[in-house]
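To start, the structure under review is shown below, and the notes come after it.
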Number of protein chains: 2
Amino acid sequence: MVVSIRDVAEHVGVSLGTVSNVLNRPNTVNADMVARVLEGIRELGYVRNDAARQLRAGNSRTIGMIVQDSSNPFFADMARGAEDQAEVGGRMLIVGNSHQSAERELRYIDLFEEQRVQGVFLAPIDDLTERLKQLRQHRIAPVLVQRRVSLDDFCSVAGDDEHGGYLAVKHLLDIGRRRIAFVGGPVSIIGIEDRLTGARRAVDEVADATLEVIDTAELTVGVGRSVGEQILDRDRGRRPDGMFTANDLVALGLIQAFVMSHSVQIPDEIALIGYDDIAFATAAVVPLSTIRQPGAMFGVMGVSLIQEEVDSPDGHTHRQVLFQPELVVRESTAGFADPEA
Amino acid sequence: MVVSIRDVAEHVGVSLGTVSNVLNRPNTVNADMVARVLEGIRELGYVRNDAARQLRAGNSRTIGMIVQDSSNPFFADMARGAEDQAEVGGRMLIVGNSHQSAERELRYIDLFEEQRVQGVFLAPIDDLTERLKQLRQHRIAPVLVQRRVSLDDFCSVAGDDEHGGYLAVKHLLDIGRRRIAFVGGPVSIIGIEDRLTGARRAVDEVADATLEVIDTAELTVGVGRSVGEQILDRDRGRRPDGMFTANDLVALGLIQAFVMSHSVQIPDEIALIGYDDIAFATAAVVPLSTIRQPGAMFGVMGVSLIQEEVDSPDGHTHRQVLFQPELVVRESTAGFADPEA
DNA sequence: ATCGTTTCATGAATCGTTTCATAGAACGTT
DNA sequence: AACGTTCTATGAAACGATTCATGAAACGAT
């Protein structure tokens, strides 16, 4: 019923080794023999059994990726970039979604290890240094999305979050805001802490500026909305006049809350800036200023680094690729002096 | 170097079959034997080789999914639902992105077939009936996202697009619009044609209503924006007063174009309604009316159907699950009489 | 005719697991 | 003590591919 390489061999009247050679090294086989075998393969509808191939060859052709939140367009962009790059190298990408659960993250790592993927690309929630080193014993190359790791052990891809945070708040200060609020958390999410650090540095440069930190459990539109309502409950004087959110989703939530209330003008009373520059930032009620990160490039580069390590396991030295973020000014902070002007 | 089940057996001093039993049928093994073996597994850092497991067992524990556009939040929702449901059954989901290329779609099908996935969940671009039937020879269950298929051959999941299209345009007519435009295409995308059919039916019910069809090559924000600009180029009298787009992304693009022009009031001059109810529809400049589809449920149900077929291959009869769409009214069509009032 | 090369097909061995028929041990019953 | 049951451990066989040492065939040169 199920056609194996042996069936093809018998059908064509050659040895099974020859069929394998046609599949894997056609140039070592006589041209018309190749043709005959391929014909046989077609006739019998043979499809290679990848499990057997992998068992014997010892390696798979897949790369595993773990994202923390697939409904965040930024991660979706990253995954797309990763997938495109994987395809270039003739590999497949398997994507797992951890939903920011450290447990699910570990489960996926186990799964990927059983599958003997060539590499794992992930933004770790917990500290996984030891676990990831174990992966190496199965010749699996881990690549991280993260800035500060024990640099020597892994390749990594990251945005300069500290600088991004600085840029964002510097911009708020430049347009005259002084009561700054940072909305974000938890610290486990990559780079959040750095963005806050950068924000703090910018605030410290201006004498009368203050920074309030509003901690959140996750970074979603819903969270943004509820933080927004919480702000609306305050007396006007006690509200921030400039808010920097750890990602665009939260900012979009804030915008919704403020606009629906009809009681806060953006950016007049509160200026807003997000992070990532997802596609929907432009389409918001009030188009959102933000710090742009090249999401797809993160993915492309992450997978490239895996491919580098896999293709030359010996002469490989780990690299840390850092992308520079970029300020994008839209209406949620505009109608004022250009920051550079 | 690499630890196999045999190494574990030797290390613990039992037979290799016993180790396998501990892994696969622990209840048939004496309790303290189980403990000793597990201890050995831990000590040696053994990780099961899934390729070997699969080769011998004959089946994989993965399900393949092919999405047409992973950056569309609707598909992202679907993928998330599919993944969650796969995990419930202890399976993994592999997601491939066809970017609406029939060729890439076929490549992924080949790949999935080589991997002997348990099922494939996809919204076919081309007619794949024959190819999908071939998959059955490898006991791979195909499940489609699509309404009209040769019903007997496959399970499928779909939204009632005809009804959805009807609801959308009926709503536009109810608020007094008569010059309706439908924006969407190509027909290859699931359900587009049906949405148009439904739209047409609604228009036909009203004597003085007209329907203009604006065909597009894809369904993205960018396309929406350029259609919007094209509308703006027309004399005011020749513009539609109600527009129905084949998905929310296009509608968001239209909104951007209209709002940026400062020359068209939504919904006063042109009322807009989209399709899918992606999360960002609420957060748009003008919150978008739309036809809601339960994206995650599509994914959950699709994978469930695969599991049904896999778990009882004999007594299986194919099912077609149809989800009813729902009208969601927001500001892009509101400020008028409630459709039901 | 002989020899050396080159080209190319062969098939046994192997990868690491699961399965299953077999048999030994332990226990209760007569 | 003999027998039947139940429980549990054993290890050879099989899954389907790839690899590689081997040798046959074809060819050209001497």
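Labels below follow one simple rule: chain letters A, B, ... track the order of the sequence lines, proteins then strands, and each chain is numbered from 1. Just so we're clear, the structure is a prediction, and the values are computed from it rather than from any experiment.
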Anything under 3.5 Å between a protein N or O and an N or O of nucleotides 23-27 of chain D, put it in a table, one pair a line.
none

Can you give me the N/O atom pairs linking the protein to nucleotides 4-8 of chain D at distances under 3.5 Å, or say none if there are none?
none

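Looking at heavy atoms from C-beta onward, A:V14 lies in side-chain contact with A:R36 at the 4.5 angstrom threshold.
No side-chain N or O of B:N21 forms a donor-acceptor pair with one of B:T28 less than 3.5 Å apart. With no hydrogens or angles considered, a side-chain donor-acceptor pair links B:N24 and B:R48 at under 3.5 Å. Side-chain contact annotation: B:Q307 with B:Q85, donor-acceptor N/O pair under 3.5 Å present. A donor-acceptor contact closer than 3.5 angstrom links the side chains of B:R53 and B:N59. In summary, the side chains of A:R116 and A:Q54 do not present any donor paired with an acceptor at a separation below 3.5 Å, with no hydrogens or angles considered.
When both distances must be under 3.5 Å, the Watson-Crick or G-U wobble mate of C:dT22 is D:dA9. Checking D:dG16 for Watson-Crick or G-U wobble geometry (two distances, each under 3.5 Å) identifies C:dC15 as its partner.
Contacts between chain B and DNA chain C, taken as any atom within less than 4.0 angstrom of a protein heavy atom, begin and end at C:dG16 to C:dT19.
When atom types are taken as modelled, the side chain of A:D126 and the backbone of A:L128 share no donor-acceptor pair closer than 3.5 angstrom. Checked by atom type and distance alone, the side chain of A:Q146 never pairs as donor or acceptor with a backbone atom of A:S156 at under 3.5 Å. A donor-acceptor pair is defined here as one N or O able to donate and one able to accept, closer than 3.5 Å; such a pair exists between the side chain of B:N49 and the backbone of B:A52. Side-chain atoms of A:D7 come within 3.5 Å of backbone N or O of A:S4 as a donor-acceptor pair. Using modelled atom types, no side-chain atom of A:Q118 and backbone atom of A:I140 make a donor-acceptor pair closer than 3.5 Å.
The aromatic rings of B:H316 and B:H318 sit perpendicular to each other, their planes meeting at more than 60°, with 30° as the lower class boundary.
Contact between the side-chain N/O atoms of B:R116 and the OP1/OP2 oxygens of D:dG16 is not found at any separation under 4.0 Å.
Residues passing the ring-ring contact (aromatic ring centres under 6.0 Å, His included) test with A:Y46: none are found, sequence neighbours excluded.
For B:R139, the CZ atom sits in a loose shell: 12 or fewer heavy atoms of surrounding residues, nucleotides or ligands are nearer than 6.0 Å. No more than 12 heavy-atom neighbours from other residues, nucleotides or ligands sit within 6.0 angstrom of CZ on A:R6.
Across residues 52-63 of chain A, A:L55, A:R56 each have a non-hydrogen atom less than 4.0 Å from an atom of DNA chain C (numbered order). Taken residue by residue, residues 11-25 of chain B places heavy atoms nearer than 4.0 Å to DNA chain D at B:V14, B:S15, B:L16, B:G17, B:T18, B:N21.
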